[in-house]
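Notes follow the structure.
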Amino acid sequence: MSKVRIWDGREAWLVTRYDDVRFVLRDQRFSVNPHHPGWPPMSAGQGATRRDLKPNIFALDNPVHNELRRMQSADFRIAQIEGWRPRVQQLVDEAIDAMLEMPKPVDLWEAFALKIPSIVICELLGVAYEDSEFFQHHSDRLVKTGSTSEEIGESMDALRGFLRDLVEKKVVTPTEDILSRMATQQVKEGLLTASEVADLCVMLLIAGHDTTSNTICLATILLLQHPDQLEKFRNGDDEVVAKGVEEILRFLDVPHLGRRRVALEDVEVGGQLIRAGEGVIAAQMIADRDETAFEDPDKFDIDRDARHHLGFGFGTHQCLGQPLVRVEVQIALATLFRRIPTLQLAVPMEEIRFDYDALVYGVHELPMTW
C-alpha cells in the first residue's frame, strides 16, 4: 500500500493486496459518496458524472444504497437472468449469421461484441434498440477520462431526459420490462419521481454497454493467444465454459482504474493507518494478480478456480448485473469459437488499437477473419 498522486494533483492511498482490497470494499467506514472532499475520482468526467446523479446506487452509502438497490435487484437475480439464456443464445446466433455474410475482415466489436449486450440491456430496461446509437454516443462520453465537463453535462441531460420521458409513458402504458415495473411500483405509487427512476437507470444503461462488450473482445484475443486454453474452452462442456469465463474475468479485469473510496474515520488497513478524509483506490485488477489469492497469478489457466476474483467488486457495491455479464460472456464466447473454429485476427497484434482512455479497458475495433 502506498500513496499515489491522481490526475488533479491530490494524493490517495493505492491498495493492491487481495485481502486489503476486500477489506476496504466491504467496510462501511469507506464511503463511495463523491461529495466527500477526499473522494478520488478517476477523471474530471467521472467526478462530475457521479456528483450530478441523484439518487444513484453507485454513489450512495448505506442504508440509502441498499434501499435503492432492492428496487432493482429483483430483475438481476440469478434465476431471473438464467431465464434470459435462450434469448441471449438467439441474439448471439443471429449476430454470427449476419457476420458470416459480411465481407471480411469484420469488426468484431461493432458486429458482435457491442450488439449483444446492447440489445439485452435495451430489452431488459424496455428501451427500443433503434435508440442504441444515441445511448452508445452518450455512454462513450460519460466513460471517457478525457471528456470535458460540458460534454458530460450534455450527455447526462440527454440520457436523463430520454429515460424520464420514457418512464412517464410507461406509467400510462406499462410493458414487461424494468422501466415499466419501476414506473408502476415506484412512480405511480409516489415513492420516486420519473426523474429519480431515470437517474437510477442511466447507470444501468451505461454499465450494460461497455463492460461486457470489451470483455468479449479482449477475451477473444486472449484465447487466440493461448491455443491450448482455447482448445479446452472450445471442446468443454457448460461447466468448463463457466469456469473459463471466471478465469477470463479475473485475468482481464476490464474496469482497470480501481474502485474509489474515501475514509469516513481513521481506519487501519493491512497495518497502515488511513486517516479520515483520505481517498483510497482499491485496485481490484492488481489484487486479482495477488499470489496469496491465486497461485501463479500471471498465468492464464481456465482450469483454475477463480470464482473469488474481484472483477465485479466486493461487498455492498458488488456489481448488480454480474449474473447477466456471466450469461452473455459464456454464450458469446462458446458459440463464437464453436461456430467459427478458424476465427483469427485480421491484423498483426501490434496494429490493434486498445482503448486506455476510458473507465473500462477495451478496444476501438477488432478486425477479425476466418
Side-chain angles (χ1 to χ4, degrees), residues 15-34 39 42 46 50 53 55-82 84 117 121 124 143 178 200-212 214-215 242-243 245-264 267 269 280-290 293-294 305-330 359-361:
V15 182
T16 59
R17 287 185 299 212
Y18 182 83
D19 288 342
D20 293 343
V21 169
R22 282 165 55 104
F23 179 88
V24 168
L25 294 182
R26 74 177 169 220
D27 195 299
Q28 300 298 301
R29 292 172 294 178
F30 291 99
S31 171
V32 296
N33 190 336
W39 190 82
M42 301 174 193
Q46 191 207 26
R50 290 208 167 196
L53 273 174
N56 171 14
I57 59 174
F58 292 84
L60 289 171
D61 299 318
N62 284 331
V64 179
H65 164 268
N66 278 352
E67 291 175 12
L68 294 175
R69 189 179 174 106
R70 272 195 292 272
M71 294 179 188
Q72 297 180 314
S73 59
D75 297 296
F76 292 94
R77 291 187 183 125
I78 292 175
Q80 185 81 6
I81 294 300
E82 285 295 317
W84 276 79
I121 196 63
L124 267 170
V143 302
I178 292 175
L200 279 170
C201 292
V202 161
M203 298 307 285
L204 282 180
L205 194 62
I206 297 169
H209 275 87
D210 266 6
T211 50
T212 308
N214 278 306
T215 298
K243 198 172 182 179
V245 166
E246 295 308 311
E247 172 67 350
I248 286 168
L249 292 167
R250 178 196 76 85
F251 197 85
L252 294 176
D253 242 329
V254 296
H256 65 137
L257 297 176
R259 317 272 170 171
R260 309 298 166 119
R261 301 289 189 271
V262 57
L264 297 177
V267 186
V269 181
V280 177
I281 303 168
Q284 92 288 335
M285 61 289 184
I286 301 176
D288 275 340
R289 300 293 183 97
D290 186 337
F294 303 96
D305 181 5
R307 184 85 180 181
H308 56 297
H309 66 80
L310 302 176
F312 293 119
F314 188 70
T316 298
H317 287 271
Q318 194 168 25
C319 175
L320 182 66
Q322 58 181 291
L324 180 59
V325 176
R326 288 188 165 107
V327 165
E328 290 175 334
V329 176
Q330 288 167 12
L359 306 184
V360 176
Y361 178 55

Has the side chain of [X] got a donor or acceptor atom that lies under 3.5 Å from a matching backbone atom of [Y]?
X: D288; Y: L310; answer: yes
X: Q284; Y: P255; answer: yes
X: Q322; Y: C319; answer: yes
X: H317; Y: L60; answer: yes

Which heavy atom in [X] sits nearest to a heavy atom in [Y], and how many Å separate them?
X: D75; Y: I81; value: O-CD1, 3.6 Å
X: V24; Y: A282; value: CG1-CB, 4.3 Å
X: R259; Y: G313; value: NH2-N, 3.4 Å
X: M285; Y: R289; value: O-CG, 3.9 Å
X: E82; Y: V327; value: OE2-CG2, 3.6 Å

Side chain proximity check, [X] to [Y], heavy atoms < 4.5 angstrom:
X: V360; Y: H256; result: no
X: F76; Y: I178; result: yes
X: V267; Y: F30; result: yes
X: T16; Y: V21; result: no
X: Q72; Y: C201; result: yes
X: M42; Y: I281; result: no
X: T212; Y: I121; result: no

Set of residues satisfying side chain to side chain donor-acceptor pair (under 3.5 Å) with respect to N66, sequence neighbours excluded:
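In terms of side chain to side chain donor-acceptor pair (under 3.5 Å), with neighbours along the sequence ignored, N66 is linked to N62.
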Fit a plane to each ring of F294 and H308, take the angle between them on a 0 to 90° scale, and name the class: parallel (under 30°), tilted (30 to 60°) or perpendicular (over 60°).
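Plane angle under 30°, so parallel.
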With sequence neighbours excluded, what pairs up with F251 under the ring pair (Phe, Tyr, Trp, His ring centres under 6.0 Å) test?
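F251 satisfies ring pair (Phe, Tyr, Trp, His ring centres under 6.0 Å) with F300 once adjacent residues are dropped.
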What residues, two or more places apart in sequence or in another chain, satisfy ring pair (Phe, Tyr, Trp, His ring centres under 6.0 Å) together with F23?
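Residues passing ring pair (Phe, Tyr, Trp, His ring centres under 6.0 Å) with F23: none at all.
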Do R26 and T316 pass the side chain to side chain contact (heavy atoms under 4.5 Å, CB included) test, and can you show the C-alpha distance, the side-chain angles, and the key distance before you say yes or no?
CA-CA 6 Å; R26 74 177 169 220; T316 298; over 6 Å; no
Output yes when R250 and E247 qualify as a salt bridge under the 4.0 Å nitrogen-oxygen rule, no when they do not.
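Salt bridge flag = yes for E247 with R250.
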Trace of the salt bridge (Lys or Arg N to Asp or Glu O under 4.0 Å) decision for R29 with D27
CA-CA 5 Å; R29 292 172 294 178; D27 195 299; 2.8 Å; yes
Checking side chain to side chain contact (heavy atoms under 4.5 Å, CB included) for the pair T215/V325: CA distance, chi angles, key distance, verdict?
CA-CA 9 Å; T215 298; V325 176; 5.5 Å; no
